[in-house]
Amino acid sequence: MSTLAERVTERMKALGLNNAALAALCGVKPPTSYNWAHGRTQQIKGEPLLRAAAALGVNAHWLATGKGPKSPTDIATAHAVSDPPPPAYMESPKLQEALALLRQLSPDQLNEAISFLRWQVANRAPPSDGQALPLAA
């Protein structure tokens, strides 16, 4: 699409928006959005551009220029770096069980459980020279 008006109009039609609705979403007066859609405004800048892009579900750069990815998700996909796979220990059934139990706790109970877990880990650390091994329960 070559003009701002064409880009705005195309997205308004796709979303079923009229000028008043677009204006409300963008925090501008209806004549302003009318001017965007009918070619009376050649360029939107600053905050109104960002609000219009969000309301129309498009990338602000594409809305302003007609260049680049149209969809904000296209930008994320274009710049995405594949995440490394989770470490093997994250797949442990015991860890998954512990996480499920922790998710069931209230915030106060969770704080108590974390404090207890810290204490357990600190007291179960491998002994240094001269310390006795803890007895197994």
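Values below: all heavy atoms of this structure, side chains included; hydrogens, waters and symmetry mates excluded. Just so it is clear, the structure is predicted and the values come from calculations on it, not from any experiment. Along the sequence shown, residues carry numbers from 1.
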Asker: Can you name the nearest heavy-atom pair linking A60 to L49, along with the distance?
Answerer: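 What the structure gives for the nearest pair is O-CD1, 3.8 Å.
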Asker: Just to verify, what does H61 make a ring-ring contact (aromatic ring centres under 6.0 Å, His included) with, not counting sequence neighbours?
Answerer: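 Checked H61 against ring-ring contact (aromatic ring centres under 6.0 Å, His included); zero matches.
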Asker: Could you check R7, K70, R11 and say which one makes a side chain to side chain contact (heavy atoms under 4.5 Å, CB included) with L63?
Answerer: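 Exactly one pass, corresponding to R7.
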Asker: So, for N59 and P69, which heavy atoms are closest and what is the spacing to 0.1 Å?
Answerer: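 Taking N59 first and P69 second, the nearest heavy atoms are ND2-O, 3.0 Å.
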Asker: Which distance, rounded to the nearest 0.5 Å, do you find between the CG of L99 and the NZ of K94?
Answerer: 13.5 Å
Asker: Exactly one of T9, T3, L4 should register a side chain to side chain contact (heavy atoms under 4.5 Å, CB included) with E6. Which one does?
Answerer: T3
Asker: How close do S33 and A23 get, heavy atom to heavy atom, and via which atoms?
Answerer: OG-CB, 3.6 Å
Asker: Going through the checks in order, is the side chain to side chain contact (heavy atoms under 4.5 Å, CB included) test met by L17 and L25?
Answerer: CA-CA 10 Å; L17 297 174; L25 289 169; 4.0 Å; yes
Asker: Please identify each residue that fulfils side chain to side chain donor-acceptor pair (under 3.5 Å) with Q109, with sequence neighbours left out.
Answerer: S106
Asker: Rounded to the nearest 0.5 Å, how far apart are CH2 of W62 and CG of L56?
Answerer: 8.5 Å
Asker: Please determine whether residues V28 and M12 belong to a single hydrophobic cluster, defined as Ile, Leu, Val, Met, Phe, Trp and Tyr linked transitively by side-chain heavy-atom distances below 4.5 Å.
Answerer: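 Yes; M12 is reachable from V28 via cluster members.
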Asker: Report yes or no: do L15 and V8 belong to one cluster of Ile/Leu/Val/Met/Phe/Trp/Tyr joined by side chain heavy-atom distances under 4.5 Å?
Answerer: yes
Asker: Enumerate donor-acceptor pairs with a distance under 3.5 Å from any side-chain N or O in residues 36-44 to protein atoms, sequence neighbours excluded.
Answerer:
| unit_1 | atom_1 | unit_2 | atom_2 | d |
| --- | --- | --- | --- | --- |
| H38 | ND1 | Y34 | O | 2.9 |
| Q42 | NE2 | G39 | O | 2.8 |

Asker: L105 and A113: which non-hydrogen atoms are nearest, and at how many Å?
Answerer: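 Minimum heavy-atom separation between L105 and A113: CD1-CB, 3.8 Å.
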Asker: NZ of K13 to CG of N18: how many Å apart, nearest 0.5 Å?
Answerer: 13.5 Å
